[in-house]
Number of protein chains: 2
Amino acid sequence: MNQRKVISFENIRVACKSCTLSQLCLPMGLCAEDVERLDSIVKRSRPLHRGDHLFRGGERFRSLYVVKTGSVKTYAPSEEGGEQVLGFHLPGEIIGLDAIDQSCHACSAKVLETSAICEIPFQRFEELAASIPSLQHQMYRLLSKEISQDTDMLLLLGKKNAEERLAAFLVSMSKRLSKRGLSATDFYLSMSRHEIGNYLGLAVETVSRLFTRFQDEGLLKVDRKHVQVRNLTALENMAGTPPSATHQQHSN
Amino acid sequence: MNQRKVISFENIRVACKSCTLSQLCLPMGLCAEDVERLDSIVKRSRPLHRGDHLFRGGERFRSLYVVKTGSVKTYAPSEEGGEQVLGFHLPGEIIGLDAIDQSCHACSAKVLETSAICEIPFQRFEELAASIPSLQHQMYRLLSKEISQDTDMLLLLGKKNAEERLAAFLVSMSKRLSKRGLSATDFYLSMSRHEIGNYLGLAVETVSRLFTRFQDEGLLKVDRKHVQVRNLTALENMAGTPPSATHQQHSN
DNA sequence: AACTCAGGTTGACATGGATCAAGTGTCAGG
DNA sequence: CCTGACACTTGATCCATGTCAACCTGAGTT
């Protein structure tokens, strides 16, 4: 069937079985044979570039998307220009789960930097899941995890002040990046201050001031998008979610 | 006077097939035979009373729960007394979806008034769903809907001011109640002002002042927990979610 | 009836963060 | 090297809402 491409994009278009994300993503817990079956329905497009949309609010829902490399933000465009950033998505994270119910995307998804994305046609996925119990189970887990994460965010927006919010954001990024094999203390943020503020329910100015203050307090070293965490524990305490308070870690 | 009785006691231990909620709940879209199979795994306990817990944060996850009559609140107990109310659940709504991922409840669920609850052992449910595609699909939809609702809530907490929040809350209650055959404009709130404030990220005093103001402005008639909506359209506009802005209505 | 007590309302005041208004890099294109 | 655009920072001010405190009200209880 499909001619194998043995060239430069090969590392971007890796099959699920050789993808380093398989333990975060849908293939988790599947046997080799079932991974192949899943792999056969995944579509891998050319890399997308900063500003490209995976989908826009209002479009018909057909597929789920998984970030393979790069990062994506989802946001709800509100009437008259304003928007609410709903999340930033790193490799291995699934996008579009909220659209299953209405068969229609309520939010938009835009890539923040050059990114490779896997597309999973949902109807075919559903058929497959019906015949692979562990895939079905993993899908329930991923949906459930999305709900827990939203719940954490509700707590953040409902109860935390500006300082706690930014600390929680930085801790979350740190954990998620390190789970992907990157440094937990030295990373680049792919989103702007404005997007961070929007996501956290804060004004840009507040975010900027907090970055400065955290740096003055020796918690961070910041240079534009480059962040070096100097005192992760202090940030965790500030964020109000000590690692042992919950029963297990679950951020994706 | 008491219209709450409409869905009250005649309903308590009815089987799924004769439950008035079947179009909101898991049986939606199932054929009669499959409804029977689902029904056979559902456990129906005696009514619970105000303050009883369905589960508490930290407990092992075994079952999902569906409100049959009455109402339930879910909340995340935080260290040292504080809590964040995560949601209020009306008949037909499923509770516990966030615990699938960790097999452990991160939040607690407490009934707000005498309530009948259906318990659905999750493992048996999962087995059943694997053999009934339309049940699996409905489960995906319900999980997805939960995510959309959380998303709406993120928008509320991230972008809306106090007045918009309370208006959105009242509109949501109105819609959900009317979808259950109750009046959209005359109802009793089963939660306290404190719980409303907590849920909306506002101080009790702010909620109280807003109720007074809405009444002064002729939008509502309020007597303690009894609310009569006088101008639903105005509330909808204030809430910033005009009914036609989204493509379909979906609040459960 | 009087007492109690929790939930609710109302008023006075304080403040965290929004908003407004200048700057200050930094980078792309000419 | 300039120029303009844009993201970010910093400072000054304002205001929505939180906080604190007093009081009310209704439903039980004695």
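Reminder, nothing fancy here: chain letters follow the sequence lines and each chain counts from 1. Here the structure is a predicted model, which means the values were calculated and not measured.
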Q: Over 60° means perpendicular and under 30° means parallel, so classify the ring planes of Phe61(B) and His105(B), tilted if in between.
A: perpendicular
Q | salt bridge (charged side-chain N to carboxylate O under 4.0 Å, His left out) contacts in which one or both residues fall within residues 192-202 of chain A, not counting sequence neighbours | A | Lys73(A)-Glu195(A)
Euclidean distance, atom [atom1] of residue [X] to atom [atom2] of [N] [Å, nearest integer]:
X: Asn198(A); N: dA7(D); atom1: CG; atom2: P; value: 14 Å
X: Leu200(A); N: dA18(C); atom1: CG; atom2: C1'; value: 15 Å
X: Glu163(B); N: dA16(D); atom1: CD; atom2: C1'; value: 12 Å
X: Leu166(A); N: dG16(C); atom1: CG; atom2: P; value: 17 Å
X: Leu202(A); N: dA18(C); atom1: CG; atom2: P; value: 5 Å
X: Arg165(A); N: dG16(C); atom1: CZ; atom2: C1'; value: 11 Å
X: Asn161(B); N: dC14(D); atom1: CG; atom2: P; value: 21 Å
X: Asp216(B); N: dT10(C); atom1: CG; atom2: P; value: 8 Å

Between the protein and nucleotides 4-6 of chain D, list the N/O to N/O atom pairs that are separated by less than 3.5 angstrom.
none

Between the protein and nucleotides 7-9 of chain C, are there any N/O to N/O pairs under 3.5 Å, and if so, what are the atom names and distances?
unit_1 : atom_1 : unit_2    : atom_2 : d
dG8(C) : OP2    : Arg193(B) : N      : 3.1
dT9(C) : OP1    : Arg193(B) : NH2    : 3.4
dT9(C) : OP2    : Arg193(B) : NE     : 3.0
dT9(C) : OP2    : Ser208(B) : OG     : 2.9
dT9(C) : O5'    : Ser208(B) : OG     : 3.0

Going by side-chain contact (heavy atoms from CB on, under 4.5 Å), name the residues that satisfy it together with [X], two or more places apart in sequence or in a different chain.
X: Arg56(A); value: His53(A), Glu59(A), Ser108(A)
X: Thr212(B); value: Asp216(B)
X: Thr185(B); value: Ser183(B), Val229(B)
X: Glu164(A); value: Lys160(A), Asn161(A)

Q: Please give the angle, rounded to 10 degrees, between the axes at the start and the end of the helix from dA1(C)-dT30(D) to dG30(C)-dC1(D), where five pairs define each axis.
A: 30°
Q) For Glu205(B), what residues pass the side chain to side chain donor-acceptor pair (under 3.5 Å) criterion, not counting sequence neighbours? A) none
(Q) Restricting to side chain to side chain donor-acceptor pair (under 3.5 Å), what partner residues turn up for Ser71(B), sequence neighbours left out? (A) Glu113(B), Ser190(B)
Q | Carboxylate-amine/guanidinium proximity below 4.0 Å for Glu119(B) and Arg44(B) | A | no
(Q) According to ring pair (Phe, Tyr, Trp, His ring centres under 6.0 Å), who are the partners of Phe211(A), at least two apart in sequence or on a separate chain? (A) none
(Q) Over all strands shown, is Ala203(B) touching base, sugar-phosphate only, or nothing at heavy-atom distances under 4.0 angstrom? (A) base
Q. Checking all strands, does Gly197(A) fall into the base, sugar-phosphate, or nothing category for heavy-atom contacts under 4.0 angstrom?
A. nothing
Q | Residues in salt bridge (Lys or Arg N to Asp or Glu O under 4.0 Å) contact with Arg60(A), at least two apart in sequence or another chain | A | none
